[in-house]
Colleague: 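Here it is, the structure in full.
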Amino acid sequence: MGRHSLPDAYGTDEAVLRRSVRGRTVVIATALVLAIGAGALVAVQAGLLPQDDPCAGADLELAVVASPDIAPVVRKTAERARAAELKSDGRCLDIEVSARPAAEVAQALRTKDTRPDFQVWIPDSSIWTGMVTAGGGGASIDEVTRLASSPVGMAALRDGARKLGWPEKTYGWAELTDAALGDGAGLRLGTADPAVSATGALALTAMHRAGGKDADTRTAATAKLLSDRVEPGDTAVLASLPDSGLDDPKDNDALFLSEQAAFRHNAGANTGGRLDMFYPEGGTVALDYPYTIVDNDAMAMDRVRAASRFQRLLTDARTTGLLRRQGFRSPEGRLDADLAMAAGGAAPQPFDAPPAEPPAPDEVASVLGMWTVTVQSARLTTVVDVSGSMGEPVPGEAGQTRMDVTKNALIQALSQFTGEDEIGLWRFSTRLEGEQDYEEVTGTTRLAQRTDDGTSHRELLASAFGGLQPVPDGATGLYDTALAAYERQVKEYAPGRFNAVVLLTDGANEDPGSISAADLAARLRETADPERPVGLIAIGIGPDADIEACGRIAEAVGGESYRVTDPKEIHAVLLRAVTDAGAKAALS
């Protein structure tokens, strides 16, 4: 994300205030000082007083979209600009501010060839701008500056906070979550959905960072517990606090929350409804409210200058004071002890710690993928190559073949899924059933489902994985199998789940009578249905795998391909592949 350089007269930071226009500004400023005095000069330069010259021509319209929590301050500042007849290029500014959730805006901007109807976007977190620009497929966004910040922690009602030893006892992210969800406190801990809430996404990412070598396992387990009390957004999670003396099991008594949201809640709460804040040790993650210019390349320069003019007003003393009174910290996260205490902080909680390094877009995407797969439950069909080459030995593995290592990895990965996940198995080579290259071994069914004799599908699937054997002299019928598996998965799509085909192969297509590579890609694209999204994960095993073909197969439907040079890595790659696909699904 680049910083946007703007003309000097309308610049927003030191880097853009260096051209010759500055000299003219100094001369004009000196004359004004002599004429009207220094105090009035400051007001005129900041656009806070109506200027003598009338507006030239029609008003210059500027459309601004802001996160709902900061939108009221942005709107008040726009009203101030209108009342003061703030000008850019001699024309009065007409600034319209709309409040829209950042995730909703990010989704729209990630669409190819999008034509946004606004010029300025102020999301609550730069994680959204990172998601838009990742991969280069969305709208162009120039991040000019940041307007405010708000650390994210855990807020609890007074009784729950006391159970956790507040304010004397402090916790890191992992310990705080364990303590809240553990048997000792038994708090009903809620969160806004990380897929649509920066607060939820940052909290989950912070937990993952703190998880150490078991980060994936711990985060997935925590996500599963949180999913029982997830709310669709920040407003909804605050509404999940009890509003009466009655004990409703659906109510939460602790939440992942920003300091500003807790400040706003406490300002209108009675004594029993006030929240206390836990600030995790090691530095909190924080909302950072970037001021961004959207699709700058397509904007006329007068709009660019108007956007810069408004940004200057949003960073002046009057607006920053208003932001502080609404519970926001400075962009640098400087401690405001009165604000922190009003939000529910108290010493020795480390509310004075500087924010931790913000997560990179790929870090957030990976955690969101884990959330998506964990919370939605998965519907996966694993399609495993059983051609003769899968019987080749793996160097250094004491007699283990590629098939041995592959099926052991699948059995190991199976333990990571819950009973609500649906997983099935196909095997393929060439001509396994007449002229057909593939065979369904087990249906794609809930792992917890049991047969009449009490055997679970998990047990049946583990046995089926263990029974996979290479077909002597069998070749690789890759293309027909990939198409058939994907078509079946789309046809049997399960709403509300993460649906995908996982294809594992150690070779290239060796069926001369099969569909061609070009026709396969075309048929896959025809089959893909935005209303029934199915991921396709292709994993090439060993040096003979046609990774280029795997890539073409996956890319035809927006999937991903992976190469595993060491079959022992299949388990880790398989889980990472599912997580990556889940992240893409969460952001699509």
Colleague: Would you indicate whether the side-chain heavy atoms of E143 and S126 approach each other to under 4.5 Å?
Modeller: yes

Colleague: Do R218 and T177 pair up side chain to side chain, a donor and an acceptor below 3.5 Å, judged on atom types alone?
Modeller: no

Colleague: To check you understand the geometry: which heavy-atom pair defines the closest contact between A215 and H208, and what is its length?
Modeller: CB-O, 3.3 Å

Colleague: For a 4.5 angstrom cut-off between non-hydrogen side-chain atoms, does D69 reach D124?
Modeller: yes

Colleague: Please determine whether side chain to side chain contact (heavy atoms under 4.5 Å, CB included) holds for the pair F328 and L339, giving the CA-CA distance in whole Å, both sets of side-chain angles, and the decisive distance to 0.1 Å.
Modeller: CA-CA 8 Å; F328 295 95; L339 187 162; 5.8 Å; no

Colleague: Would you say the side chain of Q349 lies within less than 4.5 Å of the side chain of D276, judging by non-hydrogen atoms?
Modeller: no

Colleague: Please check this pair: side chain of T292 against backbone of W121, looking for a donor-acceptor N/O pair closer than 3.5 Å.
Modeller: yes

Colleague: Verify, without hydrogens or angle tests, whether S197 (side chain) and P194 (backbone) share a donor-acceptor contact under 3.5 angstrom.
Modeller: no

Colleague: Step by step, work out the side chain to side chain contact (heavy atoms under 4.5 Å, CB included) result for M207 and L226.
Modeller: CA-CA 12 Å; M207 283 188 282; L226 288 172; 4.0 Å; yes

Colleague: Do you know which two heavy atoms are closest between V152 and T199, and how far apart they sit?
Modeller: CG1-CG2, 3.9 Å

Colleague: Between the side chain of R110 and the main-chain N/O of V105, is any donor-acceptor distance below 3.5 Å?
Modeller: no

Colleague: Hey, could you give me the CG/CG distance between L241 and D253, rounded to the nearest 0.5 Å?
Modeller: 8.5 Å

Colleague: Taking Y289 for its side chain and A66 for its backbone only, find out whether a donor-acceptor pair lies under 3.5 Å.
Modeller: no

Colleague: Working to the nearest 0.5 angstrom, can you tell me the gap between I70 CD1 and L323 CG?
Modeller: 5.0 Å

Colleague: Walk me through whether D234 and R264 qualify under salt bridge (charged side-chain N to carboxylate O under 4.0 Å, His left out).
Modeller: CA-CA 12 Å; D234 297 318; R264 187 177 67 244; over 6 Å; no

Colleague: Nearest heavy-atom pair of M277 and A343: which atoms, and what distance?
Modeller: CG-O, 3.2 Å

Colleague: In Å and rounded to the nearest 0.5 Å, what is the CG to OG distance from D251 to S240?
Modeller: 7.0 Å

Colleague: Tell me yes or no: between the side chains of Q489 and R532, is some donor less than 3.5 Å from an acceptor?
Modeller: no

Colleague: For S258 and Q260, does a side-chain donor sit closer than 3.5 Å to a side-chain acceptor?
Modeller: no

Colleague: For D159, does the CG atom sit with more than 12 other heavy atoms under 6.0 Å from it, leaving out its own atoms?
Modeller: no

Colleague: With a 4.5 Å limit on heavy-atom distance, are the side chains of V230 and T191 in contact?
Modeller: yes

Colleague: Just so I know, are the side chains of V490 and V534 near enough to count as touching, which here means a heavy-atom distance under 4.5 Å?
Modeller: yes

Colleague: State, without any angle test, whether Y171 and D178 hold a side-chain donor-acceptor pair at a distance under 3.5 Å.
Modeller: no

Colleague: Do the non-hydrogen side-chain atoms of I127 and T205 ever get within less than 4.5 Å of each other?
Modeller: no

Colleague: Given the rule in the side chain to side chain contact (heavy atoms under 4.5 Å, CB included) test, do E363 and R209 qualify, once you have shown the distances and angles that lead to the verdict?
Modeller: CA-CA 9 Å; E363 183 182 2; R209 280 182 171 182; 2.8 Å; yes

Colleague: Give a yes or no on whether K224 atom NZ has more than 12 heavy-atom contacts from other residues, nucleotides or ligands under 6.0 Å away.
Modeller: yes

Colleague: May I ask you to decide if A286's main-chain N or O and T284's side chain share a donor-acceptor pair within less than 3.5 Å?
Modeller: no

Colleague: Going through the distances and angles, do T319 and R80 end up as a side chain to side chain contact (heavy atoms under 4.5 Å, CB included)?
Modeller: CA-CA 10 Å; T319 301; R80 178 160 62 102; 2.7 Å; yes

Colleague: How many angstroms lie between atom CG of D89 and atom CZ of R303, to the nearest 0.5 angstrom?
Modeller: 12.0 Å

Colleague: Check F278 against A156 and note the closest heavy-atom contact, atom names and distance.
Modeller: CE1-CB, 4.5 Å

Colleague: May I have the step-by-step check of side chain to side chain donor-acceptor pair (under 3.5 Å) for E332 and S330, ending in yes or no?
Modeller: CA-CA 5 Å; E332 301 78 23; S330 71; 3.3 Å; yes

Colleague: Side chains of L257 and L238, heavy atoms from C-beta outward: is any pair under 4.5 Å?
Modeller: yes

Colleague: Looking at CZ of R274 and CG of L157, how far apart are the two atoms once the value is rounded to the nearest 0.5 Å?
Modeller: 11.5 Å

Colleague: What distance separates T527 OG1 from L536 CG, expressed to the nearest 0.5 Å?
Modeller: 11.0 Å

Colleague: Is there a donor-acceptor contact under 3.5 Å from the side chain of D295 to the main chain of A139?
Modeller: no

Colleague: Any non-hydrogen side-chain atom of E175 less than 4.5 Å from a side-chain atom of E281?
Modeller: no

Colleague: Please check this pair: side chain of D336 against backbone of R329, looking for a donor-acceptor N/O pair closer than 3.5 Å.
Modeller: no

Colleague: Extract all donor-acceptor atom pairs below 3.5 Å that involve side chains of residues 94-103 and protein atoms in other chains or at least two apart in sequence.
Modeller:
residue, atom, partner, partner atom, Å
R100, NE, E104, OE2, 3.1
R100, NH2, E104, OE2, 3.4

Colleague: Ignoring hydrogens and geometry beyond distance, is a side-chain donor-acceptor pair present between E531 and Y493 at under 3.5 Å?
Modeller: no

Colleague: Give me the atom names and distance for the closest heavy-atom approach of L176 to P280.
Modeller: CD2-CG, 4.0 Å

Colleague: Write down the atom of V557, the atom of A528, and the distance for their closest heavy-atom approach.
Modeller: CG1-CB, 4.0 Å

Colleague: Please state whether the rings of W173 and F256 are parallel, tilted or perpendicular, taking 30° and 60° as the class boundaries.
Modeller: tilted

